[in-house]
K.L.:
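I'd like to ask you about the structure that follows.
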Protein chains: 2
Amino acid sequence: MKQDTETKLNIIQAASKVFIERGMDGARMQDIADLAGINKALLHYYYNSKEELYRLVATREIKQAFAELLAVIPEEQDFRDWIRSFIHNYLQVITKNPQVTRFMLWEISQGGNGISAIIREFINRKDSGRMSVFETIRKAMSGPGVRQVDPIHFFMSLIGMCVYPFLARPILENVMGIDMGTEEFVREREEAVYEMVLYGMEVRNAL
Amino acid sequence: MKQDTETKLNIIQAASKVFIERGMDGARMQDIADLAGINKALLHYYYNSKEELYRLVATREIKQAFAELLAVIPEEQDFRDWIRSFIHNYLQVITKNPQVTRFMLWEISQGGNGISAIIREFINRKDSGRMSVFETIRKAMSGPGVRQVDPIHFFMSLIGMCVYPFLARPILENVMGIDMGTEEFVREREEAVYEMVLYGMEVRNAL
DNA sequence: GCATAGTTTAACCAAATAGTTAAGACATCA
DNA sequence: TGATGTCTTAACTATTTGGTTAAACTATGC
């Protein structure tokens with residue numbers, strides 16, 4: 001007997017890729033089997049239904065994504081340090097697996113597969129984690145020389161600036177001719193977001 | 001003979017709604033017929049295949065979306081006015097039809113249906129439009145008291161801040177318990193983005 | 001060797017869904 | 001009035017795809 005766990009992991013990985021790329025409706029069990037290098041019979045030997053496999057994979061991916069995103073929220077007390085770290089870490093996570101975000105935003109809007117519930121469950125279970133986001137923001141904001149703004153809007157803006165370019169990557173690349181595949185772009189982006197968040201567009205008066 | 005054009009328009013509108021909500025793979029021809037208040041036979045009487053109808057609808061929606069977004073790019077010469085108008089207009093367009101963006105980002109990543117080509121074609125045809133975006137940004141930036149930043153990154157940041165909350169709306173609403181349906185939220189958001197873009201987070205030194 | 005679990009093969013079934021057909025109803029206009 | 005184009009009904013076909021089955025092959029450990 002070979003390692004069934006190996007095959008199972010194999011299947012999960014193949015299913016992850018296919019589901020994330022094409023979504024629940026667009027995914028084909030045959031494609032998953034092919035990508036895993038096995039046949040449909042064995043696929044169903046391990047996982048009874050598409051629905052089951054999807055739930056498993058979606059849960060796994062969402063948990064991992066949120067866990068990663070919460071894990072990289074920095075602890076720095078100084079606001080500038082905190083911002084810098086956050087942007088850097090966040091861009092790292094996104095560029096490592098750029099498709100997961102798009103997948104999540106799409107599938108959650110489809111509703112039917114309880115993705116919302118999966119996320120809520122995870123968030124609630126790790127409630128400390130969510131709390132700490134806004135708590136950390138508020139704490140970091142409390143330093144000197146920082147404007148007090150609504151943490152929620154601040155959070156939205158920050159995430160939006162980091163995430164959006166990679167969501168819209170096909171448009172920006174294919175249509176507007178921007179090459180986003182390079183490390184240089186990510187560095188540039190990090191700098192641009194950092195400066196925007198800190199200084200905005202107005203020239204600041206010299207002391 | 002009744003107005004066949006009326007029925008055709010009816011079909012297009014129903015198809016738009018269903019395709020935008022569920023995507024190409026998730027959409028059902030029966031659902032489109034039902035929503036249009038007709039039967040499948042008549043649906044195929046006017047449009048031969050799902051593929052054809054999808055292409056038609058997708059093209060239409062994408063063109064309209066881009067046209068609207070280009071149309072609301074303001075002409076103001078003063079940077080602060082320009083920014084304020086842009087954010088306001090952009091949020092208006094998004095809130096009027098929040099699903100189109102998500103649909104486009106998803107479908108373009110699927111690639112298979114030439115959506116990329118549709119967008120590129122539109123952008124190239126209206127090339128003046130695209131040019132004017134960055135030209136307008138550059139021009140508005142040239143006013144006094146404004147930092148010179150890469151227009152592309154600036155653009156990404158601006159769009160990201162406006163669009164992201166509505167893309168992630170299900171997560172923010174269902175999971176984090178934020179109510180985004182109110183006009184108040186949109187106003188708040190407008191103000192938050194404006195201030196972030198202009199001032200960033202640092203307290204500015206008094207003159 | 002032989003029991004057992006993992007795996008393949010290939011054919012198959014069942015359900016969902018895209019697409020078709022034919023007959024006729026109904027209105028409009030020449 | 002009757003030709004024409006719009007529309008309905010309802011049954012039908014074709015295709016795709018999820019899911020099943022049974023038989024046999026393979027490797028491993030006892």
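Letters go in sequence order (proteins before strands), and every chain restarts at 1.
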K.L.:
Measure CD1/B:I11 against P/C:dA18 and give the value in whole Å, please.
P.N.:
15 Å

K.L.:
What residues, two or more places apart in sequence or in another chain, satisfy salt bridge (charged side-chain N to carboxylate O under 4.0 Å, His left out) together with B:R169?
P.N.:
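B:E173.
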
K.L.:
Reading nucleotides 8-21 of chain D from the 5' end, what letters show protein touch, with B for base, S for backbone sugar-phosphate only, - for no heavy atom under 4.0 Å?
P.N.:
BBB------SBBBB

K.L.:
Can you tell me how far C1' of C:dG6 sits from CG of A:L43, to the nearest Å?
P.N.:
15 Å

K.L.:
Among all residues two or more places apart in sequence or in another chain, which pass the salt bridge (charged side-chain N to carboxylate O under 4.0 Å, His left out) test with A:E76?
P.N.:
none

K.L.:
Do the side-chain N or O atoms of A:T7 get closer than 4.0 angstrom to the phosphate oxygens (OP1, OP2) of C:dT7?
P.N.:
yes

K.L.:
One thing to verify: whether B:R187 and B:E190 come together as a salt bridge, which I'm taking to mean a side-chain N less than 4.0 angstrom from a carboxylate O.
P.N.:
no

K.L.:
Considering only distance and modelled atom types, tabulate donor-acceptor pairs under 3.5 Å from the side chains of residues 56-63 of chain A, sequence neighbours left out.
P.N.:
{"unit_1": "A:T59", "atom_1": "OG1", "unit_2": "A:R55", "atom_2": "O", "d": "2.5"}
{"unit_1": "A:E61", "atom_1": "OE2", "unit_2": "A:S16", "atom_2": "OG", "d": "3.1"}

K.L.:
Can you check the B:D31 CG to C:dG19 P distance for me, whole Å?
P.N.:
14 Å

K.L.:
Not counting sequence neighbours, list each pair that qualifies as a ring pair (Phe, Tyr, Trp, His ring centres under 6.0 Å) and has a residue in residues 157-191 of chain A.
P.N.:
A:F185-B:H153

K.L.:
Rounding to a whole Å, what distance do you find between A:D34:CG and C:dT8:C1'?
P.N.:
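Between C1' of C:dT8 and CG of A:D34: 14 Å.
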
K.L.:
So, using salt bridge (charged side-chain N to carboxylate O under 4.0 Å, His left out) as the criterion, who are the partners of B:R28 when residues are at least two apart?
P.N.:
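With sequence neighbours excluded, B:R28 shows a salt bridge (charged side-chain N to carboxylate O under 4.0 Å, His left out) to no residue whatsoever.
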
K.L.:
For B:I32 and C:dG19, what is the distance between atoms CD1 and P respectively, to the nearest whole Å?
P.N.:
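My rounded result for the distance is 10 Å.
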
